[in-house]
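Counting begins at 1 with the first residue of the sequence. For ligands, and for the atoms within them, numbers begin at 1 and follow the listed sequence. These values consider heavy atoms only, across backbone and side chains, with no hydrogens, waters or symmetry-generated copies.
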Amino acid sequence: MKKVTLIPGDGIGPEISDSVKLIIEKAGLAIDWDIQSAGADIAEKEGSPLPKRVIDSIKSNKVALKAPVTTPIGKGFRSVNVALRKELDLYANVRPCKNIKGIKTPFENVDLVVIRENTEDLYAGIERQIDNDTAESIKIITRKASERIAKYAFDYAVKHNRKKVHAVTKANICKLSDGLFLECARHIAQNYPQIEYKEILVDNLCMQLVQNPSQFDVLVLPNLYGDIVSDLTAGLIGGLGVAQGANIGTDCAVFEPVHGSAPDIKGQNKANPTALLICAINMLKHINENETAEKIEHALYKVIEEGKVLTSDLGGNATTTEYTQEIIKNL
Ligand code: NAI
């Protein structure tokens, strides 16, 4: 039996994790889930929101499915998500964004991938209060991380038969840091003459994305722009309830949705488990459980296309439980 680390998270995390576990079980695949809790409750009990046992489990299993974990805003411990990516050197955050049949959106031809550098930039967590009225956050961009993510983006483009890579920065303002990111992207692009290489400023990208998203293919961005832009692109295909993601490193992969812990709908049986389910499908493909992955994929997209049993974020009125059962019925 394959062993996979599962971080059920908090907020809506446990509800959507239960849904996904049940669907995989009913699809006929037994997974040995190595359940590892993390977050605020764990910080109280174990002294850290991300205990070493979680990292050790992922290092040993090499693969994890992760539901969202709440990060206190403006105070408190450092984001578990950011720390996990850094600890395991999960340097590439890959967020494909493609229309799903049955979900009505203003655009019909969205098919792009956001590739976000995951280990540095303003997320390096180097901040200080200079005095009562001044705070400082340091943006770190290195050649090593920038070349590595650019190479990942071009390799991804080649592997997935994509045609174009846009490097996204604000290099007109952050001339040194984003300038270095761009220099690295240009340098790497030279090794991939078959892929069209383009550059765009992040503000212009946001405008173009909501006017004509189909012009974009692969986007490679430093951490902060990648975080923000991937929520925007999630909005293009039906919202956070369906937006998938994966954090890829040299040794391990952690599959997690774009969305957060949605405290506003926690415990109400309203959360859409689709994003985590798509992550689970990708996780199953990653561990070569293709047959089960395809079976679940087929059932999921059939339910969405039929549009009869959908959660409220997709315009339906089904509960998480009803939606889960509908997918199981279609397996
Ligand atoms: P959020 O993504 O949790 O929620 C934004 C909006 O989308 C809310 O109205 C929510 O109800 C809705 N939503 C999100 N996922 C949904 C789903 N599966 N089904 C239906 N509706 C859904 O973003 P927010 O409120 O900014 O962050 C809440 C917490 O989550 C924060 O502590 C944040 O730090 C954390 N977070 C964690 C992430 C992770 O664990 N990877 C990623 C993003 C945020």
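In terms of protein heavy-atom proximity, atom 39 (C) of ligand 1 is nearest to Asn81 ND2, 3.2 Å. If you check which protein heavy atom lies closest to atom 6 (C) of ligand 1, you get Leu240 CD1, 4.3 Å. Residue, atom and distance of the protein heavy atom nearest to atom 8 (C) of ligand 1 are Asp264 OD2, 3.4 Å. At the top of the distance list for atom 32 (O) of ligand 1, counting protein heavy atoms only, stands Thr71 N, 2.8 Å. Here the heavy atom of the protein found nearest to atom 41 (N) of ligand 1 is Glu256 OE1, 3.1 Å.
For atom 29 (C) of ligand 1, the nearest non-hydrogen atom from the set Ala271, Gly260, Ser261 comes from Ser261.
Which parts of ligand 1 touch Ile265 is read off a 4.0 Å heavy-atom cut-off, strictly below it: atoms 11 (O), 20 (C), 21 (N). With ligand atoms numbered from 1 in the order given, ligand 1 contributes 28 (C) to contacts under 4.0 Å with heavy atoms of Pro263.
By the 4.0 Å N-to-carboxylate-O rule, Lys151 lies close enough to Asp155 to be salt-bridged with it. Using a 4.0 Å cut-off between charged side-chain N and carboxylate O, Lys163 and Glu196 make no salt bridge. Salt-bridge formation is detected for the pair Asp178/Lys139: a Lys NZ or Arg NE/NH1/NH2 atom is positioned less than 4.0 Å from an Asp or Glu carboxylate oxygen. Here Glu46 pairs with Arg53 in a salt bridge; the nearest charged N to carboxylate O distance falls below 4.0 Å.
Look at Val258 and you'll find a heavy atom under 4.0 Å from some atom of ligand 1. For the ligand labelled ligand 1, residue Ala275 lies outside the 4.0 Å heavy-atom shell.
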Verify salt bridge (Lys or Arg N to Asp or Glu O under 4.0 Å) between Glu291 and Lys285, making sure each step is shown before the conclusion.
CA-CA 8 Å; Glu291 203 180 307; Lys285 288 180 181 167; over 6 Å; no
**Request:** Check the pair Asn282 / Gln244 against side chain to side chain contact (heavy atoms under 4.5 Å, CB included), numbers first and verdict last.
**Result:** CA-CA 9 Å; Asn282 293 334; Gln244 55 164 311; 2.6 Å; yes
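For the pair Asp217 (side chain) and Leu112 (backbone), a donor-acceptor distance under 3.5 Å is absent.
Under 4.0 angstrom from ligand 1, the non-hydrogen atoms of Lys66 all belong to its side chain. Residue-level proximity to ligand 1 for Ile12 is carried by the side chain, the only part with a heavy atom below 4.0 angstrom. With a heavy-atom cut-off of 4.0 Å, Thr70 touches ligand 1 through backbone and side chain alike.
One side chain, Gln208 or Asn204, offers a donor N or O that lies under 3.5 Å from an acceptor on the other. If you check the side chains of Thr324 and Glu326, you find no donor sitting under 3.5 Å from an acceptor. Residues Asn118 and Tyr123 have side chains that never bring a donor and an acceptor to within less than 3.5 angstrom of each other.
Proximity of atom 27 (O) of ligand 1 to the protein is not indicated, since no non-hydrogen protein atom lies closer than 4.0 angstrom. Of the protein's heavy atoms, at least one falls inside 4.0 Å of atom 3 (O) of ligand 1.
At least one N or O atom of Ala262 sits closer than 3.5 Å to an N or O atom of ligand 1. Polar contact check, Asn272 against ligand 1: a nitrogen or oxygen pair lies under 3.5 Å apart. An N or O contact shorter than 3.5 Å links Val69 to ligand 1 by distance.
Rounded to the nearest 0.5 Å, atoms CG (Asn93) and CD1 (Ile115) are 9.5 Å apart.
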